[in-house]
Amino acid sequence: MNNELVGYHTMDDDSKIFTIPPLSLPSLAPPPLSYEGNSNDIIIDNGSTTFRWGFSQQQPYTAPNVVAKYKERRNNKPLLLFGEAVDCETGARGQARTPWEGDVLLNFDALENTLDYAFLQLGINIPSIDHRIIMTERLATPLHSRALTSELLFELYSVPEVTYCVDGIMSFYKNNGSTKPFTADGLVLSFNTASTSIIPILSGRGILSYAKRIPWGASQASDYLLKLIQLKYSSFPTRVTPTQTNWMLRNVCSFVPDYIAHLRSINSPEALRASECIIQFPFVIPVQEEKTEEELARISEKRKEQGKKLQEMAAKNRAEKLLQKENDLQYLTALKEGKGSDSKREWTNKLQSEGFDSDAALEQAIKKLEAHVGKARKKEQGIIEPDEPAEEPSFPLVDVPDADLDEENLKEKRRQKLMKAGYEARVRARKEKEREREEKEREEKKEEEEREADPKAWSKRLRSEQEALMTRIKGRTRRKAALSDRKSAAAQARMKSIANLASDDRVPKKKRKGGGEDMFGADDDDWAIYRKINTTNVSSDEEEDLGQLQVIEQKLLQYDPTFTILQTHASISSQRSALLTAFKPGYEDGDTRGNTRIHLSTERWRACETWFSPSMAGVDSAGLGEVIQNVLARFNDAEKGRLVNNIFLTGGPSQFPGLKDRLHAALRPILPPEMPITVQQAQNPMMDAWNGMNQLSEAGEHNGYTRQDYEEHGGERIRKWWGGNWN
């Protein structure tokens, strides 16, 4: 793999950019048909996504199979919206319902609303319907769903006869039913919204006892693609909707004969970029208002006025504080001058009431106020004096014996001792800093001489130190990542250390009395165990290494012209490998167009490969190739040859590019070499189920369930015939 480090993505090939289409307004529904004199059958293709209906020998109506009950706020009237009209009202989208729950027909209130709309569009506005209905249903439809559908049609609409057809068989009949009687052979792969069905057909009869269905369809593939996009672009500026993901699935996704081999063939950044598709989402370029010279001058003048007001306010505050300090100074000076007129007890009480412990504290407060007032007055007059060195404080009572001092002087002596200790500590710290500064200057001078004498050797030494520090930091980072996995060796070692600390294998008190002793902590290395098990806080060693690394890199940037900013630790840590950059290119922060793009590379084929490997998406099911192998294993070689010689694809997902080659790659290894494999697609995969029922109606075949049958046997039973489900 190419590990070259790259920066931001700069340029895209416009030929690979697909723009998300805007949401289009629904078209007006055509006027209802004339019902009078029309005796044709009513054909209904009740799909999970699209609902198609119409009279036989006529063009059908088509609309999304979704309804919504919505109350209009303007007129406060309840509305029932169907199909594309649901997208017109924002409030109606949240209340939209479909008759289907996955691949099972359950919401019969929604189905009733859908049928009401369909019959009104056909011009039928009478209580009973006198037309025979031919209607699709899923393979292996539950009896409960069929019973409620029959109850709805016979009880509410009073239809005379209903024929239930399997949609995949009807599409096969449309494309292979030119001969009469219908005797075609084939293996039907019906790709539906929430499932995929495999139906063997021999001599024009569906062998439904050997038919199979996998719980994976276009809706699951679209949801899986959405999850992949959300994982890859977790901070995408706009919300990616399921409708947009479904558009991407239908327009840019495809099958490949060998998914794993195809991934290996694009393991270079160049091949990955060449195979990607770019999805451009809608965006709005921010408009930057350019101000005129007059506006800029007005803003500048306004800022100056604001600055002048702030300065005046600050001067006023300083004057108020100075006045307060002068008043305090006058008061304290008057207090000091009145000492002679008071007795000793009165004077002590007066000092304590003002917050002073002794005369020295009062004197110190007066000196401090005099210094502040004098400095402020000189600053007002513009007089700047150099800072005079602070005088060394005197502590006259420290060396006086306690016997020679009264109680007040003893308190003052203790205070002077504390002040002297603090002063001496500050002097020592100042001298230590001075010594460290001189030592640092000597080291810098020595390093400067070394750099001037041999620049290459100096640069080589600093680069090796930088490499060692980065290796140490990388090791700590790797260990932290390993600790997050409880099964890693580092995490297990940490738990072992914690268990040893918490164990009871310590020296008992009796043995300690007899000479035994717990020596933990005697060695400084013992305390490293706490640093080892602590994973939350950044260690002091890591902070020291980062600081030292920053100093080294600043020296190299300053004195080594061959060392660039891209070689620093911060730059290397932020850069990504060329393959990761090709997988998810980055754009500059100000690039609005680029930041609203999604680059689809491996996701294009991964979303489609789930039909053959549902476990990739977390679904516990066999793939399409394995299920076909299981179905074919139930037939002898002659029947198997008749089936694979006409593998028929129908349904919306059957139009994905590469599906035929993927089926060849999956079936060829499990069949004899001399057995031919023919894969054909329906002429119109979306409409041929309806067209097949229309052809069945024109042929005059009557395989329906009449009203008399319903009243006698109930709604769960149907007639057994070649194009419908068997009980």
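If you read the sequence from its start, that first residue is 1, and numbering goes on from there.
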Heavy-atom check, side chain of [X] versus side chain of [Y], under 4.5 Å:
| X | Y | value |
| --- | --- | --- |
| Met248 | Val240 | yes |
| Leu667 | His664 | no |
| Leu632 | Leu643 | yes |
| Asn46 | Trp100 | yes |

* Polar side-chain atom of Lys174 near backbone of Gln695 as donor-acceptor pair, under 3.5 Å -> no

* Asked: Is Asn636 reaching over with its side chain to a backbone N or O of Glu639, donor-acceptor style, under 3.5 angstrom?
  -> yes

So which heavy atom on [X] is nearest to which on [Y], and how close?
| X | Y | result |
| --- | --- | --- |
| Ser195 | Asp103 | OG-OD2, 2.8 Å |
| Thr650 | Gly168 | CG2-CA, 4.3 Å |
| Trp216 | Ala617 | CH2-CB, 3.4 Å |

* Compute the ring centroids of Phe55 and His131, then answer whether they are less than 6.0 Å apart. => yes

* Taking the six-membered ring for Trp, are Tyr210 and Phe635 ring centroids under 6.0 Å apart? -> yes

Regarding [X] and [Y], do their side chains bring together a donor and an acceptor under 3.5 Å, going by distance alone?
| X | Y | result |
| --- | --- | --- |
| Asn65 | Thr98 | no |
| Asn691 | Asn694 | no |
| Asn107 | Glu101 | yes |
| Arg642 | Ser203 | yes |
| Thr706 | Asp709 | yes |

* Measuring from Leu148:CG to Leu111:CG, what's the distance to the nearest 0.5 Å? -> 10.0 Å

Please work out which of the three classes, parallel, tilted or perpendicular, describes the rings of [Y] and [X], given edges at 30° and 60°.
| X | Y | result |
| --- | --- | --- |
| Phe236 | Phe281 | perpendicular |
| Trp53 | Tyr61 | parallel |
| Phe656 | Phe255 | tilted |
| Phe154 | Tyr710 | parallel |
| Phe119 | Tyr157 | perpendicular |

* Between Trp611 and Arg662, is there a cation-pi geometry (under 6.0 Å to ring centre, at most 45° from the normal)? -> no

* To do: Pick out which of Ser48, Ser145, Ser197, Ser190 makes a side chain to side chain donor-acceptor pair (under 3.5 Å) with Arg138.
  => Ser48

* To do: Could you tell me which residues satisfy side chain to side chain donor-acceptor pair (under 3.5 Å) with Thr596, sequence neighbours excluded, listed by chain and number?
  => Gln280

* Asked: Charged N to carboxylate O under 4.0 angstrom, Glu609 versus Arg606?
  -> no

